[in-house]
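Predicted, not measured: the structure shown is a model, and the values here were computed from it. Sequence positions, counted from 1, serve as the residue numbers for this chain.
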Amino acid sequence: MSRPMSDGPLDLLAIAAHPDDAELTCGGTLARAADEGYRTGILDLTRGEMASKGTPEIRAEEAARAGAALGVAVRANAGLPDARLENSLEARRVVVEHLRRLAPGTVILPYPRGRHPDHRIASELARDACFLAGLRRYEGGPGRRPTKIIYAMAYREDAVKPTFVVPLTEEQFRRKIDAARCYASQFDGATAAGEIFPAGQPLVERIETASRHYGSLIRAPHGEPFLTDETMRVDDIMSVGVASM
């Protein structure tokens, strides 16, 4: 059930290591959720201050514009150290504080494996923080834990099929691209970014290739793949989507 776009708990929160990570891995899903009336947000764990291009101040401005393009209600930054991210007691405390304040029902995390150490550590750190946030006696409470954790799988080469793919319209995909383009300091003229390894083509083309591939798996124009640890429940097998033949 959706909530009106007003102050209050978030329905969906994407947690990412750096500004621009969420846009690339689940930006379309955030745009779709906002279109459906859900209250969405992004929590960047670091300011991206160790990046070879741009400055933390520039990236903060870019992040604000990108969040607006996706229609997110909240964009927050935990201020943890870039390229030195640790799943430490202090880092967990900081993330728990944000989780309790934002109170998301569902959380999107980075895939548990990653080329950049911050990406895989962010996934473990955020998952642990989601658990701790529910303990009433941890850091004085209140106990408030997300109901569901899902992992973004875009651009992965691991031999793991996604649990599900979220369909995107052409307009939602365009907003994802618009959000990515907000990061001119990082992506202007780029042919590679983080976990994305294009075959020499412009970065936007690589994003579109992945999006159309995952969309084709569910007979949609575009799609974003996700993984869950839990087996998904289906109450009505007659309503399961995507034809088998």
Side-chain angles (χ1 to χ4, degrees), residues 1-5 9-16 21-43 66-67 69-73 103-114 119 123 126-127 130 145-180 195-196 204-245:
M1 179 177 180
S2 65
R3 299 188 184 94
M5 297 302 286
L10 295 180
D11 295 294
L12 178 64
L13 174 68
I15 301 179
D21 287 348
E23 286 81 357
L24 294 176
T25 59
C26 61
T29 298
L30 290 168
R32 180 184 174 97
D35 286 349
E36 293 173 345
Y38 290 105
R39 185 169 161 80
T40 62
I42 298 173
L43 173 61
L70 298 176
V72 301
T106 298
V107 172
I108 299 175
L109 300 186
Y111 191 71
R113 294 178 58 190
H119 292 171
S123 184
R127 183 179 177 90
C130 285
R145 181 181 295 150
T147 302
K148 178 62 65 178
I149 293 174
I150 62 178
Y151 297 95
M153 287 189 68
Y155 319 111
R156 300 300 311 172
E157 295 183 0
D158 307 83
V160 177
K161 287 180 68 68
T163 306
F164 62 90
V165 174
V166 174
L168 306 178
T169 64
E170 292 286 355
E171 193 273 339
Q172 288 160 353
F173 174 73
R174 180 191 59 76
R175 282 157 58 198
K176 171 177 179 166
I177 293 299
D178 288 346
E195 306 291 326
I196 307 176
V204 169
E205 291 183 13
R206 174 66 180 98
I207 296 171
E208 182 167 8
T209 297
S211 183
R212 290 199 180 278
H213 165 68
Y214 284 110
S216 73
L217 300 181
I218 57 169
R219 318 323 184 238
H222 294 274
E224 288 179 336
F226 296 93
L227 180 74
T228 65
D229 286 338
E230 305 81 20
T231 300
M232 300 297 287
R233 167 177 165 169
V234 174
D235 288 316
D236 181 1
I237 61 172
M238 302 304 177
S239 66
V240 176
V242 184
S244 301
M245 298 182 183

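- Annotation for Thr40 and Gly71: closest pair OG1-O, 3.8 Å, computed over non-hydrogen atoms.
- At a threshold of 4.5 Å between non-hydrogen side-chain atoms, the residues Ile207 and Tyr155 count as touching.
- The residue from Asp229, Leu227, Thr231 that alone fulfils the side chain to side chain contact (heavy atoms under 4.5 Å, CB included) condition with Thr163 is Leu227.
- The shortest side-chain heavy-atom distance between Gln172 and Pro167 does not fall under the 4.5 Å cut-off.
- Of all heavy-atom pairs between His222 and Ser211, the closest is ND1-OG, 2.7 Å.
- Between the side chain of Thr25 and the backbone N or O of Ala154 there is no donor-acceptor pair closer than 3.5 Å.
- With sequence neighbours excluded, no residue forms a side chain to side chain donor-acceptor pair (under 3.5 Å) with Arg219.
- Looking at Pro110 and Asp21, their side chains never come closer than 4.5 Å, going by heavy atoms from C-beta outward.
- Put simply, the side chain of Met153 does not reach to within 4.5 Å of the side chain of Asp158, judged on heavy atoms.
- Minimum interatomic distance between Ala34 and Leu70 (heavy atoms only, all atoms of both residues): CB-O, 3.8 Å.
- For the atom pair Ile149 CD1 and Thr106 OG1, the distance stands at 10.0 Å (nearest 0.5 Å).
- Test Val166, Asp35, Leu12 against Leu30 for side chain to side chain contact (heavy atoms under 4.5 Å, CB included) and you get one pass: Leu12.
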**Residue pair Glu170, Arg212: steps toward the salt bridge (Lys or Arg N to Asp or Glu O under 4.0 Å) verdict** = CA-CA 10 Å; Glu170 292 286 355; Arg212 290 199 180 278; 3.2 Å; yes
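- Taking all atoms of both residues into account, the shortest heavy-atom contact from Ala180 to Leu24 is CB-CD2, 4.2 Å.
- Counting only distance, with no hydrogens or angles, the side chain of Asp11 and the backbone of Arg39 share a donor-acceptor pair below 3.5 Å.
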**Request:** Go through Lys176 and Glu224 one step at a time and tell me if the salt bridge (Lys or Arg N to Asp or Glu O under 4.0 Å) criterion holds.
**Result:** CA-CA 11 Å; Lys176 171 177 179 166; Glu224 288 179 336; 2.7 Å; yes
**Request:** Walk me through it: do Tyr111 and Val160 pass the test side-chain contact (heavy atoms from CB on, under 4.5 Å)?
**Result:** CA-CA 11 Å; Tyr111 191 71; Val160 177; 3.8 Å; yes
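- Minimum interatomic distance between Gly223 and Val165 (heavy atoms only, all atoms of both residues): CA-CG1, 3.7 Å.
- The number of heavy atoms from other shown groups lying within 6.0 Å of NZ (Lys148) is above 12.
- The nearest pair of heavy atoms linking Ala14 to Cys26 is CB-SG, 3.8 Å.
- To the nearest 0.5 Å, the span separating CG on Leu43 from CG on Leu109 amounts to 10.5 Å.
- Remark: aromatic rings of Phe226 and Phe164 are close, center separation under 6.0 Å.
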